[in-house]
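For reference, the structure discussed in these notes is given below.
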Amino acid sequence: MIRVIPCLDVDRGRVVKGVNFVDIRDAGDPVELAARYDAEGADELVFLDITATHEERDTIIHLVERTAEEVFIPFTIGGGLRTEDDIRAVLAAGADKVSLNSAAVRDPDLVERAALRFGDQCIVVAIDAKRRADGSGWEVYLAGGRQETGIEAVAWAAEAARRGAGELLVTSMDRDGTQVGFDTDLLAAIADAAPVPVIASGGAGTLEHFAQAVTVGHADAVLAASVFHDGVYTVGEVKAAMARDGVPVRR
Amino acid sequence: MTASGSGPLVALLDYEMSNLRSAGKALERLGARVRVAARPAEARGADALVLPGVGRFGAAMERLEAHGFTGMLREAAGSGVPVLGICLGLQLLFDDSEESPGVAGLGLIPGTVRRLRTDLKVPHIGWSEVRWREGTVFAPPDGGPADRTYYFVHSYACDPADDGDVLGTADHGTEFVAAAGRGAVAGVQFHPEKSSNAGLALLGRWLGGVTAREEVPA
């Protein structure tokens with residue numbers, strides 16, 4: 001079955017959502033929202049700690065502990081995880097998976113070490129990609145789209161999977177916050193190149209977009225933040241639409 | 001986690017191979033008294049044992065042995081104490097695994113553990129519907145497909161030698177065993193503590209069996 005995953009951006013223990021990663025606004029307790037998404041039929045949750053600093057680690061650990069005690073679906077923590085110790089801390093607090101982004105690009109060996117130590121299944125590598133102007137694939141970006149890396153996204157996806165990433169969370173920086181639909185070319189290129197599940201992210205706007213990420217983009221899961229968080233659609237409405245388009249979902 | 005309340009006392013075995021927070025909280029929510037046990041002495045007197053686990057088969061057997069749990073689990077199973085294996089915990093109940101050739105499992109359910117042979121992606125991560133053998137400990141008495149759909153994360157699946165030990169099956173491009181059991185020893189390949197209401201209901205049914213055992217001694 002294809003998973004539907006709401007993403008909650010968290011800043012200092014509170015939920016926010018940025019459009020194109022700027023203009024963020026405050027909106028609620030992450031654990032309460034997580035429980036609401038569980039009740040709506042969310043298959044998994046992702047918490048993205050967007051302003052993680054070392055001093056704030058305790059806040060996120062506390063959030064992980066509360067979530068693990070109150071919400072009985074899998075959840076992933078991403079943002080600011082740089083070392084094996086960072087990863088160990090959130091997994092020990094009760095997170096099911098961690099999502100590595102910048103740290104994995106800067107130190108690809110971290111993916112390998114973490115996968116060996118904690119298991120492939122709990123290591124998600126998040127890839128933020130933007131279409132290259134010259135048409136030579138997609139560029140990997142860091143720091144919410146501000147920093148170019150010179151790395152091609154499909155090649156990086158294949159390498160990350162080879163190094164032990166259990167899943168890939170692929171965000172189109174061109175589409176994120178635009179609500180014009182997922183970049184299905186990017187998704188399909190990565191899903192077809194990497195032998196691990198791909199989570200589609202960035203651009204969901206209409207109900208039809210979610211099924212397209214799967215039928216055209218070959219994704220194994222779909223992630224969205226604002227359409228759920230702003231109450232545009234419920235998880236149930238998204239799943240009903242996907243089912244109408246022939247995509248198997250848990251209902 | 002400390003035991004409180006009046007339900008059955010469940011020992012959650014902590015051998016450093018998984019996070020116990022969600023499983024413990026789920027069991028507590030269902031009325032169990034939960035005691036996290038890192039040594040056999042701490043599990044003494046428990047009405048049932050829960051063996052969770054993620055990671056590799058060989059490493060897990062090593063840790064189980066280091067914590068003194070292998071003998072305890074075999075004794076408990078021999079005397080009819082309910083044992084629930086979760087995910088890797090189910091696989092450890094078998095004789096051995098393709099994941100760690102040459103490493104002996106607990107041998108509480110005859111059979112082996114094999115890598116998923118499928119054209120689909122492995123690990124199998126996600127929700128799958130289970131076809132239950134009716135009337136067995138985990139099988140829901142009613143409900144729709146969502147009540148029989150659970151969250152899986154695995155690359156291997158058990159293969160009981162005796163078909164009678166298969167309690168439920170699921171599909172990931174190929175049919176695999178999602179739950180198995182023999183006597184009071186049983187396990188599920190999925191994570192009931194991560195399977196929302198369907199998972200909590202399943203744990204509740206298993207706990208119900210534990211309670212019944214207490215009330216009606218053999």
Side-chain angles (χ1 to χ4, degrees), chain A residues 1-5 35 37-45 64-76 88 90-97 115-124 161 164-168 191 194-199 218 220-221 236 239 243 248-251, chain B residues 1 14 16-30 34 53-57 59-60 87-88 99 118-129 144-156 170-172 190-203:
Chain A
M1 293 180 191
I2 300 298
R3 290 167 284 156
V4 176
I5 308 175
Y37 283 134
D38 176 10
E40 274 188 6
D43 296 309
E44 251 181 85
L45 296 166
V64 171
E65 289 173 347
R66 279 180 61 214
T67 306
E69 290 176 359
E70 293 178 37
V71 183
F72 298 103
I73 55 175
F75 66 98
T76 301
R88 189 199 53 76
V90 293
L91 293 177
D96 298 283
K97 312 177 197 181
L116 268 177
R117 181 165 167 191
F118 307 109
D120 296 7
Q121 80 291 335
C122 63
I123 306 300
V124 180
E167 290 182 274
L168 301 169
V196 296
V198 167
I199 304 164
H218 305 170
D220 303 277
K239 286 187 159 183
V249 289
R250 176 179 67 106
R251 295 172 72 202
Chain B
M1 240 164 279
D14 181 7
E16 303 163 77
M17 286 298 284
S18 78
N19 183 276
L20 308 172
R21 195 178 297 272
S22 293
K25 279 290 164 183
L27 290 163
E28 278 181 2
R29 182 175 286 205
L30 295 161
V34 176
V54 294
R56 289 167 210 278
F57 188 93
C87 195
L88 179 63
E99 187 177 24
T118 172
D119 292 336
L120 301 184
K121 291 178 178 183
V122 174
H124 167 218
I125 300 178
W127 297 75
S128 295
E129 187 175 339
D147 302 302
R148 293 186 289 272
T149 301
Y150 312 90
Y151 184 76
F152 290 81
V153 182
H154 64 126
S155 298
Y156 293 80
D171 289 308
H172 182 61
F190 51 85
H191 286 275
E193 80 283 12
K194 292 290 172 181
S195 296
S196 198
N197 292 337
L200 295 178
L202 177 137
L203 287 173

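A note on names: the letters A, B, ... follow the listed sequences, proteins ahead of strands, and every chain is numbered from 1.
Neither the backbone nor the side chain of Ala35(A) comes within less than 4.5 Å of any heavy atom of chain B. Both the backbone and the side chain of Leu116(A) come within less than 4.5 Å of a heavy atom of chain B. Contact annotation for Arg251(A): only backbone heavy atoms (N, CA, C, O) come within less than 4.5 Å of a heavy atom of chain B. Contacts between Ala221(A) and chain B at a heavy-atom distance below 4.5 Å are absent for every atom of the residue. Of the two parts of Ser196(B), the backbone and the side chain both hold a non-hydrogen atom closer than 4.5 Å to a non-hydrogen atom of chain A.
Between the CD atom in Glu69(A) and the CD atom in Glu28(B) there is a gap of 8.5 Å [rounded to 0.5 Å]. Atom CD of Glu44(A) and atom CD1 of Ile125(B) lie 8.0 Å apart (nearest 0.5 Å). In this structure, OG in Ser195(B) is found 11.5 Å from CZ in Phe72(A), a value given to the nearest 0.5 Å.
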Going through the distances and angles, do Trp127(B) and Ile73(A) end up as a side chain to side chain contact (heavy atoms under 4.5 Å, CB included)? CA-CA 11 Å; Trp127(B) 297 75; Ile73(A) 55 175; 4.1 Å; yes

If you apply the rule side chain to side chain contact (heavy atoms under 4.5 Å, CB included), what do you find for Val71(A) with Lys25(B), and how did you get there? CA-CA 10 Å; Val71(A) 183; Lys25(B) 279 290 164 183; over 6 Å; no

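A salt bridge links Glu65(A) to Arg21(B): one of the charged nitrogens lies within less than 4.0 Å of a carboxylate oxygen.
Counting heavy atoms from C-beta outward, Tyr151(B) and Pro74(A) have side chains that approach closer than 4.5 Å.
By number of non-hydrogen pairs under 4.5 angstrom with chain B, the leading residue of Ala95(A), Ala93(A), Gly166(A) is Ala93(A). With chain A as partner, the option from Leu120(B), Val153(B), Leu200(B), Val122(B) having the largest number of non-hydrogen pairs under 4.5 angstrom is Leu200(B). The residue among Gly119(A), Ala42(A), Gly41(A), Ala68(A) with the most heavy atom pairs within less than 4.5 Å of chain B is Ala68(A).
Residue Lys194(B) forms a salt bridge (Lys or Arg N to Asp or Glu O under 4.0 Å) with just one option from Asp43(A), Asp96(A), Asp38(A), and that option is Asp96(A).
Side chain of Thr149(B) to main chain of Arg250(A): no donor-acceptor pair is present (N/O by atom type, distance under 3.5 Å, no hydrogens or angles).
Nearest heavy atoms, Val196(A) versus Lys121(B): O-NZ, 3.0 Å. Scanning all heavy atoms of the two residues, the minimum distance from Pro197(A) to Pro123(B) falls at CG-O, 4.3 Å.
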